[in-house]
Amino acid sequence: MNIPVVLAILVVFAFLAFRKANLFILALAWWIGAFVFFRFGFTAPIPASVISIYMGIVSLATLAFVSSSEQRREEVSRPLLRLMTEKRFAPLLAATIIAIPALAAANVYVQMNVPIEPPFFPRTIHPASPPEITVHEKKISIDLGDNPFRELEKSNPQEFRQHVENGRRVYYQNCVFCHGDNLAGNGMFVHGLDPIPTNFADGDTIANLRETFLFWRASKGGPGLPEEGGPWNSAMPAWEKILKEDEIWDAVLFLYEFTGERPRAREEHAQ
Amino acid sequence: MTARHIIGGCAAVLLTALGAATMGPTVVAVRAQGPDIGTQAQRDSGKTLYLKNCSQCHGDNGDGEGYATPHLFPKPRNFTSGKFKVRTTPNGALPTHQDLVNIIRRGMPYTSMPAWPGLSDGEVSDLAYFIKTFYPDFASAEAPKPMELPSAPASTQASIDLGKKLYVDTGCVKCHGNVGRGDGASAPTLMDEFGQPIRAANLTQSWTFRGGSTREDIFRTMTTGLNGTPMPSFTEALTVEQRWAITDYITSLSGSEGPNYRNLVVAKHVLDTIDMAKGAANFAAAPAARFPIIGQIMEPGREFHPPVTSVMVQAVYDEESIAFLVRWNDMRVDNTGTAGPMLPVPIEEEAAKPAAAPGAAAAAAADPFAETTTAEAPPSEFNDAVAIQIPSAIPTGARKPYFIFGDAQSPVDLWFFDLARKEPIQFTGRGSADLAENDTGDLTGTASYDQGEWSVIFKRPLRPSTGAAFVPGTFLPVAFSVWDGFSRERGNRRALTSWYSIYVEPEVVTSAAAPMIRTALIILVFELVVVGLVRRRYGAGARGALGGEPSHPAATRA
């Protein structure tokens with residue numbers, strides 16, 4: 001909820017009530033106030049199509065209310081009739097008659113001059129991984145496997161450190177150009193990439209992924225994505241062409257060590 | 001508390017204040033004379049940050065030999081050399097503390113040195129203090145003093161014109177080229193003091209300037225020089241006014257503040273038949289789109305730091321054909337070797353010294369400002385080349401060919417132009433390792449090189465015998481590759497773009513005027529009818545039916 005906007009709307013209505021505003025003004029205020037409330041009153045934006053449905057309902061409700069009795073009908077139509085018939089309102093009437101078609105024409109102009117944008121094709125950012133992949137002629141289970149060096153973290157911390165350090169080397173010799181020095185997906189080539197490289201340091205993404213998933217994405221890269229991932233656009237290389245299996249596992253370890261994240265644990269299924 | 005205590009306390013406070021007032025300036029003076037190397041705690045904090053964030057490139061010992069170094073160009077700074085490029089201090093001097101802080105904060109555009117906006121001011125300062133420990137003079141000599149850098153006078157046409165003349169007279173052209181594209185006669189031979197090849201800045205792309213692109217930045221670079229590089233200080237040779245004039249000229253060369261990268265090029269319909277002899281004049285009506293270029297770092301035989309950072313593309317079509325004009329900046333023409341999209345690149349070459357033309361080291365001894373260049377950089381084995389890539393068939397949905405030379409399912413047409421040849425040739429690509437020449441004979445082209453810029457025109461029928469047609473009113477994916485022969489680029493070692501789009505604008509663009517007038521008229525007529533009806537019923541100008549009612553409507557409601 002966007003508190004200042006809601007407060008502003010309440011203040012305007014309080015003012016109108018205090019002035020005992022005409023029903024026509026009030027109906028107009030309800031309509032505009034409802035629009036402002038839906039459009040700006042929420043911090044998470046409501047889609048334009050939903051707003052137009054809401055506003056349709058508001059319009060019908062307003063019409064129903066103002067036409068619900070002879071008195072209300074008259075009260076609403078009186079200002080309009082005075083505008084159209086009284087001499088002293090003639091300039092205002094002329095201005096209104098000209099302004100409405102002009103605004104409509106301007107709207108048509110804006111609608112017809114939308115900047116040309118290439119067609120947009122949505123893609124799935126983290127599509128489902130295959131259950132098993134083959135890297136350097138070795139079968140690796142993505143569903144059931146694990147980073148083979150993860151257990152060293154407890155059993156042999158010194159060797160674990162070496163793997164992380166090797167992962168650091170691999171990262172800064174290969175990944176840094178796109179994923180960036182601080183792993184935030186802001187390397188020196190990002191301005192030429194779409195989709196942009198994954199941000200490992202956002203405190204969220206890799207914490208929700210398993211290490212085997214990262215291994216799959218690194219070893220098979222963009223070309224290894226399923227159709228819904230848009231494999232033709234992704235600049236992520238299939239690192240199996242350049243790196244050894246161990247180097248990819250080490251780089252995955254490094255991503256978690258540098259960012260302080262923990263990989264998502266394997267989901268244990270009831271047997 | 002007794003009165004004595006209070007008086008004593010007051011006296012102590014007074015004395016302290018007096019002491020501070022008299023001591024203050026002395027303390028400042030001592031600090032200004034001595035070295036500015038921070039406290040042990042600051043340096044320790046800087047060391048921790050350095051080992052996490054910097055050492056992968058600059059090395060644990062600050063010698064510029066980190067993990068990433070073999071793949072980087074320009075090379076990471078060797079802090080033990082005491083040579084720092086971007087400074088406010090005189091040529092050859094160490095940078096101030098603030099200079100180091102600034103470069104960490106801002107980074108160096110279009111190099112592997114990123115900006116570090118995520119570090120706090122204290123952290124950046126600690127890092128700068130730690131970096132100073134790598135070079136003993138920071139601790140032994142007094143803190144470097146910045147040069148006087150006067151504020152910028154207004155840029156005028158007169159100062160730009162004066163700058164243009166001075167730019168030639170001072171010898172800037174020898175490295176930076178006649179119109180500033182970094183293509184001067186000495187440019188191919190330039191080496192830095194570490195024995196690494198170095199490129200003269202392209203002055204027409206200010207967003208790539210390592211030290212920043214503001215007028216103050218440019219003036220500072222000319223004033224202080226870039227230590228360790230062939231870029232000297234011009235404090236002796238040029239007055240302050242002259243340096244500002246050259247600054248204004250350089251600023252005028254870029255045309256825009258930023259690169260304004262696009263994701264779309266619009267092909268305009270032209271009434272005149274496209275005439276290859278007319279060259280770039282065919283494209284006068286077509287808007288230019290600048291696409292960012294990145295290194296091909298996805299397939300083995302990678303290129304990590306291509307010299308070309310962007311291409312400018314324009315397109316037009318007539319009744320029969322579509323033509324593309326592709327322009328980019330290149331230091332020199334390389335057309336005495338070979339070129340090809342599939343030439344092999346040994347994997348060892350990925351980590352080799354970039355662009356070190358054999359014999360360039362000898363040439364480097366020569367003064368870039370010498371009247372005659374004593375040593376020419378030898379010719380490259382490889383030619384400059386360029387390619388346009390489009391899908392072989394118009395994509396029906398989201399699916400496109402893989403952006404690097406296509407894939408087995410969806411091939412691409414590659415219009416490849418070895419710039420040593422007269423005409424481009426067409427390949428069909430089904431992946432980097434699967435390119436086949438497929439010369440249908442309907443692709444033609446011309447290429448020209450002028451003052452550091454290649455201009456290459458490709459022309460092909462709109463509806464070829466085989467291949468994707470360009471249909472007015474539709475989009476087609478398009479991508480580009482550029483090879484710089486001087487940098488030994490060929491095959492996978494090249495610069496490329498990801499997929500962008502070309503929009504073939506229809507010959508007749510629907511004007512908004514007719515729908516606008518129609519809408520306005522319909523509403524106007526409706527309004528007039530309503531007003532007319534209302535007036536007929538209630539009478540115009542008269543109080544009529546409403547006459548007797550009070551003017552404040554709320555009164556009736558109440």
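Protein chains get the first letters and strands the later ones, always in sequence-line order, with residue 1 at the start of each. Note that the structure is predicted; figures quoted are calculated from it, not measured.
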For [X], which atoms come within 4.5 Å of any heavy atom of chain A: side chain, backbone, both, or neither?
X      : result
B/C54  : neither
B/F526 : neither
B/L528 : side chain
B/P401 : backbone
B/P395 : neither
B/S112 : both
B/Q56  : both
B/T69  : neither
B/N263 : both
B/S310 : neither

Any non-hydrogen side-chain atom of [X] less than 4.5 Å from a side-chain atom of [Y]?
X      : Y      : value
A/E153 : A/H163 : no
A/W239 : A/V170 : no
A/P223 : B/D407 : no
B/S498 : B/Y500 : yes
A/W31  : A/S59  : yes
A/E159 : A/F149 : no
A/T205 : A/N199 : no
B/I293 : B/F291 : no

When heavy-atom pairs shorter than 4.5 Å are enumerated against chain A, which of [options] gives the highest number?
options                        : result
B/T309, B/I297, B/N53          : B/I297
B/L521, B/T111, B/I502, B/L496 : B/T111
B/G397, B/A68, B/A398, B/P300  : B/A398
B/G295, B/G107, B/S501         : B/G295
B/K400, B/H71, B/M298, B/R518  : B/K400

With a 4.5 Å cut-off on heavy-atom pairs, point out which of [options] contacts chain B the most.
options                        : result
A/N107, A/I97, A/L93           : A/I97
A/P119, A/G230, A/A238, A/G187 : A/P119
A/L83, A/L80, A/I116, A/I100   : A/I116
A/R168, A/R123, A/M112         : A/R168

Please list, in residue-number order, every residue in residues 246-257 of chain A that has a heavy atom less than 4.5 Å from any heavy atom of chain B; write 'none' if there are none.
->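 No residue falls under the 4.5 Å cut-off.
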For chain B, which residues of residues 175-184 of chain A have heavy atoms nearer than 4.5 angstrom =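 Residues of residues 175-184 of chain A touching chain B at under 4.5 Å: A/F177, A/C178, A/D181, A/N182.
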[X] side-chain N/O to [Y] backbone N/O, donor-acceptor pair under 3.5 Å:
X      : Y      : result
B/R105 : B/L119 : yes
B/K52  : A/F258 : yes
A/Q173 : B/Y67  : yes
B/R210 : B/T208 : yes
B/Q296 : B/N492 : yes
A/H136 : A/E240 : yes
B/R493 : B/G301 : no

Specify whether B/H305 and A/F189 have parallel, tilted or perpendicular ring planes, treating 30° as the upper limit for parallel and 60° as the lower limit for perpendicular.
->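 Correct class here is tilted.
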Please walk me through it: do A/E70 and A/R73 pass salt bridge (Lys or Arg N to Asp or Glu O under 4.0 Å)?
-> CA-CA 5 Å; A/E70 188 65 34; A/R73 268 205 296 280; 2.9 Å; yes
For chain A, which residues of residues 472-482 of chain B have at least one non-hydrogen atom nearer than 4.5 Å to it?
->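 Within residues 472-482 of chain B, the residues that come under 4.5 Å of chain A (heavy atoms only) are B/F475.
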Trace of the side-chain contact (heavy atoms from CB on, under 4.5 Å) decision for B/V534 with A/L81 | CA-CA 7 Å; B/V534 167; A/L81 292 178; 3.4 Å; yes
Tell me, side chain or backbone of [X] under 4.5 Å from chain B's heavy atoms, or both, or neither?
X      : answer
A/Q111 : neither
A/E228 : neither
A/F121 : side chain
A/N113 : side chain

With a distance cut-off below 6.0 Å to the six-membered ring centre and an angular limit of 45° from the axis, does B/R494 pair with B/F405 as a cation-pi contact?
->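 Verdict for B/F405: a cation-pi partner in B/R494.
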Apply salt bridge (Lys or Arg N to Asp or Glu O under 4.0 Å) to A/R78 and A/E74, showing your working.
-> CA-CA 6 Å; A/R78 191 183 306 111; A/E74 200 191 301; 3.3 Å; yes
side-chain hydrogen bond (donor to acceptor under 3.5 Å, both in side chains) partners for B/R302, two or more places apart |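 For B/R302, the residues satisfying side-chain hydrogen bond (donor to acceptor under 3.5 Å, both in side chains) (neighbours in sequence not counted) are A/N174, B/E350.
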Minimum heavy-atom distance between A/D204 and A/E261, given as atom pair plus value |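 Distance-wise, the nearest heavy atoms are N-OE2, 4.3 Å.
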Least distance between heavy atoms, B/A315 atom then B/A286 atom =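 For B/A315 and B/A286, the tightest heavy-atom pair comes out as O-CB, 3.4 Å.
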Going through the checks in order, is the side-chain contact (heavy atoms from CB on, under 4.5 Å) test met by B/Y110 and A/H191?
-> CA-CA 10 Å; B/Y110 291 79; A/H191 61 283; 3.8 Å; yes
